[in-house]
Structures are given as C-alpha cells and as structure tokens.
> 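Submitted below is the structure of interest, expressed as structure tokens.
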Amino acid sequence: SNADRTAGRAEGFFLVTSNVGTASSALANTCNYVTKGTVTASNVQTAATVLRKGGVFNGGSLKIPVAAIAADASGTSPHIVLVGDSTVASQSGWGDAFAKLLAPGVESHNFGRSGRSSKSYRAEGHWKQVLAAKPAWVLIQFGHNDQPGKGPERETDAQTTFRENLARYVSEARAGGAQPVLVTSLTRRSFNADGKIQPDLLTGYVEATRAVAAEQKVPLLDLNARSIEQMNQLGPTAAVAFDPKTKDAAKPDKTHLSA
C-alpha cells in the first residue's frame, strides 16, 4: 500500500525481516556502531547489548536505534510504542505500515491519537498510559496540532513550549526505563507551482524537534526530510495516490495516508 511504501523508507534504519541494516564493531569507549559490515544472526545480540547501554547506530547521516528490533540477551521480546497525532495513528498515519516492517517477535503498540498535540496528549492522560505500558523504546512525533490556530488546549510555541514538552517526554521516558526516539513530522503534500513541496508552519516544529534531539542526545528519525524528498521525486500527480479517500472529492486530504 502507499502507507507501506512511506514507512518502507525506514528500512535500513530499523532491523526488519528483509533488511537487518548495517553495523560494525563498537567504537572503544563510546559504544557507537557505524555503517560497516552487516548485522547477522551471530552478531545482532552484540549490537543490541551495546546499544541498550547507550550506544548509537549510525544509519548513514542519521543516528538510529537498532537494539529495539532485536530480542535482548534475556530473551525478552522488545516492546516499541508509537506516540503522536493522526499522522502516526492507526488507519490514518504511518504507524500501521511501520509495524509490518518489524522482525518477528517484536512487540509494537500504536498510542498515536488523532488531533493531539504535544500539550493535549499529556493533558488528556495518554502519556501516562504510555509510561504504564513499560516500553523499551518510544518513538515520539508531534507538530501538526501544535501550530497556531489549533486552539489554546493544543497550541504551543515552536521555540519555547513545544521544545519544553519534547524535552520533558524524553526525560520521563528515560526515567521510566525506555529509550526515546524523536521523529520529525510527516510532510503535508502541498506543492508549489514548480511541483515541489512548499514550506509551511510545520517547518518551525520540525526544526525544534531536530534541536531537542541534538540537545538531549537522543536518536532522531527525520521523517519530514525524507517524506519531502520522496514527494519531490514523485511530484504532485503521482503523490495523489497517497491521499486517503474523503467524502468530498473537492477537498482532498493532503496530510494523512491512504491504507
């Protein structure tokens, strides 16, 4: 499906059935993995052990976690939780397709909730449920509903409160024993006259997410950059295939994903 194709961009970042990614020996003292050699059945446990202790898997230009996708040394299946808005949530975002890419035995739960922002998600108690689930890894994406015009219960400022909210999520996830991963928001499929994705208010929240990831030293999945790259390659005509069906054909949905 189109959602599968979008989430498929994550292959090589997370271990999946068909592609377990790349890694090399851990760098002394830093426990980093870099993109040399291949993760195999014989060394994936070593990679997972190193990364659980704070190491980083460097998937090209991004530092992406690998440990979550391999059973740990105790034999316990890893547990991944997705947190965010409708562009993450089941049946409207990339979460369902992401789950299909995971290796057998990996447990994944989608806690994405439509219409929520980094502010309202916590206020409504969803984050408390995430922590209670005791995940090993938490992927966090917000931005779409934090923008101006969403109302006082949801709006945040990209330069201040939004960053504070993300930093708090990171801190509390770590305190709960989970490894947080920040994800930049999926782009809207709005094209300019040249057939390229046009910047919008989401840009400030994307930049804020990147900044918090760097400041807090957590892995970042730059989905915004990668989805923009993919849409620019496809162009506006081909990109229509990603639009979910709407009741009014004159008002296409350029934010969510088709099944």
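When a residue number appears, it is its place in the shown sequence, counting from 1. Heavy-atom basis, side chains included; hydrogens, waters and symmetry copies ignored.
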> Without hydrogens or angle criteria, can the side chains of Gln230 and Arg226 be said to hold a donor-acceptor pair below 3.5 Å?
no
> To check you understand the geometry: which heavy-atom pair defines the closest contact between Ala239 and Met231, and what is its length?
CB-SD, 3.8 Å
> Among Thr209, Asp85, Thr184, which one satisfies side-chain contact (heavy atoms from CB on, under 4.5 Å) with Gln141?
Asp85
> Restricting to side-chain contact (heavy atoms from CB on, under 4.5 Å), what partner residues turn up for Ser92, sequence neighbours left out?
Ser86, Ala89, His256
> Leu182 versus Val170: any side-chain heavy-atom pair under 4.5 Å?
yes
> List in chain and number order the residues that pass salt bridge (charged side-chain N to carboxylate O under 4.0 Å, His left out) with Arg189, two or more places apart in sequence or in another chain; answer none if no residue qualifies.
Asp243
> Hey, could you give me each pair passing salt bridge (Lys or Arg N to Asp or Glu O under 4.0 Å) that has a residue in residues 144-154? Not counting sequence neighbours.
none
> Distance check, rounded to the nearest 0.5 Å: Arg113 atom CZ versus Ser90 atom OG?
9.5 Å
> Mind checking what makes ring pair (Phe, Tyr, Trp, His ring centres under 6.0 Å) contact with Tyr205, not counting sequence neighbours?
Phe162
> Among all residues two or more places apart in sequence or in another chain, which pass the salt bridge (charged side-chain N to carboxylate O under 4.0 Å, His left out) test with Arg174?
none
> Where the side chain of Thr161 meets the backbone of Asp157, is there a donor-acceptor pair that is under 3.5 Å apart?
yes
> Tell me yes or no: between the side chains of Ser117 and Asn145, is some donor less than 3.5 Å from an acceptor?
no
> Apply side-chain contact (heavy atoms from CB on, under 4.5 Å) to residues Leu139 and Val83 and explain how you reach the verdict.
CA-CA 6 Å; Leu139 275 64; Val83 169; over 6 Å; no
> Work out which heavy atom in Ser258 is nearest to a heavy atom in Ala241; give both atom names and the distance.
OG-O, 3.2 Å
> Partners of Asp200 by salt bridge (charged side-chain N to carboxylate O under 4.0 Å, His left out), sequence neighbours excluded?
Arg188
> From Leu201 CG over to Gln147 CD, what is the distance, rounded to the nearest 0.5 angstrom?
5.0 Å
> How long is the span from the CD atom in Glu164 to the CZ atom in Arg168, to the nearest 0.5 Å?
10.5 Å
> Is it the case that the side chain of Gln179 and the backbone of Val138 share a donor-acceptor pair, with hydrogens and angles ignored and the cut-off at 3.5 Å?
no
> Take Arg122 and Lys128 through the test side-chain contact (heavy atoms from CB on, under 4.5 Å) and record every step on the way to the result.
CA-CA 7 Å; Arg122 177 188 295 280; Lys128 184 176 181 180; over 6 Å; no
> Mind listing the closest non-hydrogen atom pair of Tyr169 and Tyr121 along with its distance?
OH-CB, 3.7 Å
> Would you indicate whether the side-chain heavy atoms of Leu82 and Phe111 approach each other to under 4.5 Å?
no
> Same cluster or not: are Val206 and Val212 linked, directly or through other Ile, Leu, Val, Met, Phe, Trp or Tyr residues, by side-chain heavy atoms under 4.5 angstrom apart?
no
> Is it true that a side-chain atom of Glu207 and a backbone atom of Gly204 form a donor plus acceptor pair closer than 3.5 Å?
no
> Does Arg116 qualify as a cation-pi partner of Phe142, given the criterion of NZ or CZ under 6.0 Å from the six-membered ring centre and within 45 degrees of its axis?
no
> Looking at Asp96, Ile140, Val183, Asn110, which one forms a side-chain contact (heavy atoms from CB on, under 4.5 Å) with Val88?
Asn110
> Are Val106 and Phe98 connected into the same hydrophobic cluster when the rule is that any two of I, L, V, M, F, W, Y join if their side-chain heavy atoms are below 4.5 Å apart?
yes
> Considering non-hydrogen atoms only, spot the tightest contact between Leu131 and Glu172 and give its length.
CD2-O, 3.9 Å
> Could you go through the side-chain contact (heavy atoms from CB on, under 4.5 Å) check for Asn165 and Trp127 one step at a time?
CA-CA 12 Å; Asn165 290 345; Trp127 179 243; over 6 Å; no
> Decide yes or no for His79 and His109: does some side-chain heavy atom of the first lie under 4.5 Å from some side-chain heavy atom of the second?
yes
> With side chains defined as the heavy atoms from C-beta onward, is the minimum distance between Asn224 and Leu186 less than 4.5 Å?
no
> At their closest point, which heavy atom of Gly143 faces which heavy atom of Leu202, and how far apart are they?
C-CD1, 3.7 Å
> What's the spacing between Ile197 CD1 and Ser227 OG if we round to 0.5 Å?
7.5 Å
> Rounded at 0.5 Å granularity, tell me how far CH2 in Trp94 sits from CG in Leu101.
10.5 Å
> Test side-chain contact (heavy atoms from CB on, under 4.5 Å) on Lys254 and Val240; report intermediate values, then the result.
CA-CA 8 Å; Lys254 298 296 183 180; Val240 171; 3.9 Å; yes
> Work out which heavy atom in Asp253 is nearest to a heavy atom in Pro244; give both atom names and the distance.
OD2-CG, 3.4 Å
> Measure the OG-CG distance between Ser118 and Leu166 for me, rounded to the nearest 0.5 Å.
6.0 Å
> Between Asn192 (side chain only) and Asp194 (backbone N and O only), is there a donor and an acceptor less than 3.5 Å apart?
yes
